[in-house]
Each structure stands twice: as C-alpha cells, then as structure tokens.
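Throughout, numbering of the chain's residues begins at 1 and tracks the sequence. In this text the structure is predicted, and so the values were computed from the model without any measurement.
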Amino acid sequence: MRRLLPALLAALVLTGCATGTDAVATGGDFEFVAPGGQTRIRYEPAKRQKPPVLSGDSLLEEGKTIKTSDYAGKVVVLNLWGSWCPPCRDEVDDLERVFEQTKDSGVQFLGIDLRDEIRSAAADFVRDHKQTYPSIYDPPGRSLLGLRGYPRNAVPSTILLDRQHRVAAVFLSKLTDAELLPVVQELAAEKS
C-alpha cells in the first residue's frame, strides 16, 4: 500500500475531480481539471473561463512587475519552465520560433520561471537561448496560486489564453513548434 500511495496522489493531482469530457469552472473562474488524466486539453470558446490576473517580478528587469493584464486584447502563451529542466531546454527554441512567427498577429509569450533559486542561472538560460519574450521570476510558484487545481509541478507546461484572456488550451508536456504553431494561429484568428 505504501508503494501505491505516491502513484495515487500523483494521479489525483493530475485528474482532480474530472467528471466530464472537458475542464470545469465554478463561479465563472477557471478551475483546472484534467479529464481522464489528459495532458493536452483544448477548450471550446463557450466553455472557456478566465483565470485571475497572473503577475510577478520580471526575470531580467528586477523590480519590474509583469502582469497578464499588460497584454490586453492579445493571445497570451504562458510557458512554465526552469533552467534545470531538460525538456524545457528542448522546447525553448521551438517556443521562440512560434513567438517570432506570431507576435505581429497579436500574440504575446510570457514565461514563468519556476524553482530556479539562482536568478542569474535563469537569466543566463534566457540569454543563451536568445529568448526575446519576457519571463516572470517565481521560484516558489506564487504567481500560479490563483490557478485552482493547476499542477504547478508540471514543468514544462503551457497555458494558452485567448484574446479575452480565457483559458483556451493547456499542454502539460513539452511542445514542438509544429504542435504549438497551429493552435496559436487559430487563437490569433478568432474574433474577440
């Protein structure tokens, strides 16, 4: 039984209280649920819910606060990453390519750096990979507390907000540009 307990707890973190085929929301606020343990979830426009505004200290500009509300009217691609994370190193160039291809169509990428206790290591990671979009520096993951039910330990993961900043998609795994680009382009093409 002791061996099954960690696996059971992990399954509960990822599946939450899934009862249907899509994520649920209560009171109009986003609450994450992974139906059947899915790691790639899309939300139809009528079922999309808003998370609270996410904010935190800029990784490269200490003392500057970055908020999702800074990007009103834009599709926002939130990527949770860490310089210590091998899959994050694999996907960072793909994310940068998608950002470069879509930024002129009203898309903003925003990284959230988690569990990097040494700020300079995370800043070096960004510079070494020529990442041009901003990141929030948030080792303890406080900026994500408002995402009820979201597994903050799922790194890398990516959350796509539509132009109204409602959650349109969640990917709890590493992404390639070929996987991410069509979803971002589809959201950018949606009418507000």
Could you give me the CA-CA distance, side-chain angles and deciding distance for Asp94 and Thr176, then say whether side chain to side chain donor-acceptor pair (under 3.5 Å) is met? CA-CA 6 Å; Asp94 289 77; Thr176 65; 5.0 Å; no
Side chain to side chain contact (heavy atoms under 4.5 Å, CB included) assessment of Leu161 paired with Arg166: CA-CA 5 Å; Leu161 305 179; Arg166 301 172 304 171; over 6 Å; no
With the 4.5 Å side-chain cut-off for hydrophobic clustering, are Phe99 and Phe171 part of the same group? yes
Is there a side-chain contact between Tyr150 and Leu145, using heavy atoms and a 4.5 Å cut-off? no
Kindly indicate, with the supporting measurements, whether the criterion side chain to side chain contact (heavy atoms under 4.5 Å, CB included) is fulfilled by Val107 and Lys74. CA-CA 5 Å; Val107 175; Lys74 290 189 174 194; over 6 Å; no
Can you run down the salt bridge (charged side-chain N to carboxylate O under 4.0 Å, His left out) pairs that involve residues 79-92, sequence neighbours left out, and say none if there aren't any? Asp90-Lys174
Determine, for Asp57 against Lys64, whether the closest basic-nitrogen to carboxylate-oxygen distance falls under 4.0 angstrom. no
State the CD1-CG distance between Ile41 and Leu172, to the nearest 0.5 angstrom. 6.0 Å
Do Leu78 and Phe32 land in one hydrophobic cluster if side-chain heavy atoms of ILVMFWY residues count as linked below 4.5 Å? yes
Got a donor-acceptor contact below 3.5 angstrom from the Arg48 side chain to the Tyr43 backbone? yes
Listed by chain and number, what are the side chain to side chain contact (heavy atoms under 4.5 Å, CB included) partners of Asp124, not counting sequence neighbours? Arg127, Asp128
Drop me the distance from Leu187's CG to Leu160's CG, to the nearest 0.5 angstrom. 5.5 Å
Inter-residue atom distance Cys85.SG - Phe125.CZ, 0.5 Å rounding: 8.0 Å
Show the numbers, then the answer: is there a side chain to side chain contact (heavy atoms under 4.5 Å, CB included) between Val77 and Leu110? CA-CA 6 Å; Val77 179; Leu110 177 60; over 6 Å; no
Provide the closest heavy-atom pair for Phe109 versus Leu95 in the form atom of the first, atom of the second, distance. CE2-O, 3.4 Å
Kindly indicate, with the supporting measurements, whether the criterion side chain to side chain donor-acceptor pair (under 3.5 Å) is fulfilled by Gln185 and Thr102. CA-CA 7 Å; Gln185 289 174 325; Thr102 60; over 6 Å; no
For the atom pair CG (Leu181) and CG (Leu175), what is the distance rounded to the nearest 0.5 Å? 11.5 Å
Report yes or no: do Tyr71 and Val184 belong to one cluster of Ile/Leu/Val/Met/Phe/Trp/Tyr joined by side chain heavy-atom distances under 4.5 Å? no
Side chain to side chain contact (heavy atoms under 4.5 Å, CB included) against Lys67, all qualifying residues, sequence neighbours excluded: Val53, Ser55, Thr65, Ser69, Asp70
Any carboxylate oxygen within less than 4.0 angstrom of a Lys/Arg side-chain nitrogen, looking at Arg142 and Asp138? no
Check this for me, if you would: do Arg42 and Glu186 make a salt bridge, where the nitrogen-to-carboxylate-oxygen distance has to be below 4.0 angstrom? yes
I'd like to know whether CZ of Arg40 has more than 12 heavy-atom contacts from other residues, nucleotides or ligands below 6.0 angstrom. yes
Counting N and O atoms only, with roles assigned by atom type, does the side chain of Arg119 sit under 3.5 Å from a partner on the main chain of Leu59, one being a donor and the other an acceptor? yes
Kindly write out the residues that satisfy side chain to side chain contact (heavy atoms under 4.5 Å, CB included) with Asp116, not counting sequence neighbours, or none if the list is empty. Trp81, Ser83, Trp84, Asp113, Ala122, Tyr137
Closest heavy-atom pair and its distance - Thr68, His165: O-CE1, 3.1 Å
Yes or no on side chain to side chain contact (heavy atoms under 4.5 Å, CB included) for Glu96 and Tyr133, after CA distance, side-chain angles and deciding distance? CA-CA 8 Å; Glu96 181 64 29; Tyr133 55 87; 3.5 Å; yes
Do Val155 and Val167 sit in the same hydrophobic cluster, where Ile, Leu, Val, Met, Phe, Trp and Tyr count as joined when their side-chain heavy atoms come under 4.5 Å apart? yes
When rounded to the nearest 0.5 angstrom, what is the spacing between OG in Ser143 and CD1 in Ile136? 5.0 Å
Please check if the number of heavy atoms outside Leu60 that lie under 6.0 Å from its CG is greater than 12. yes
Asp177 versus Arg97, closest heavy-atom pair with distance: OD2-NE, 2.8 Å
Nearest heavy atoms of Glu117 and Pro139, plus distance in Å: OE2-CB, 3.7 Å
Smallest heavy-atom separation, Ala154 atom then Ser157 atom, equals O-OG, 2.8 Å
Leu114 with Val170, same ILVMFWY side-chain cluster at under 4.5 Å: yes
Nearest non-hydrogen partners of Ile66 and Ser135, listed with the distance: CD1-O, 3.7 Å
All side chain to side chain donor-acceptor pair (under 3.5 Å) counterparts of Gln108, not counting sequence neighbours: none
Mind checking salt bridge (charged side-chain N to carboxylate O under 4.0 Å, His left out) for Lys130 and listing every partner two or more places apart, or none if nothing turns up? none
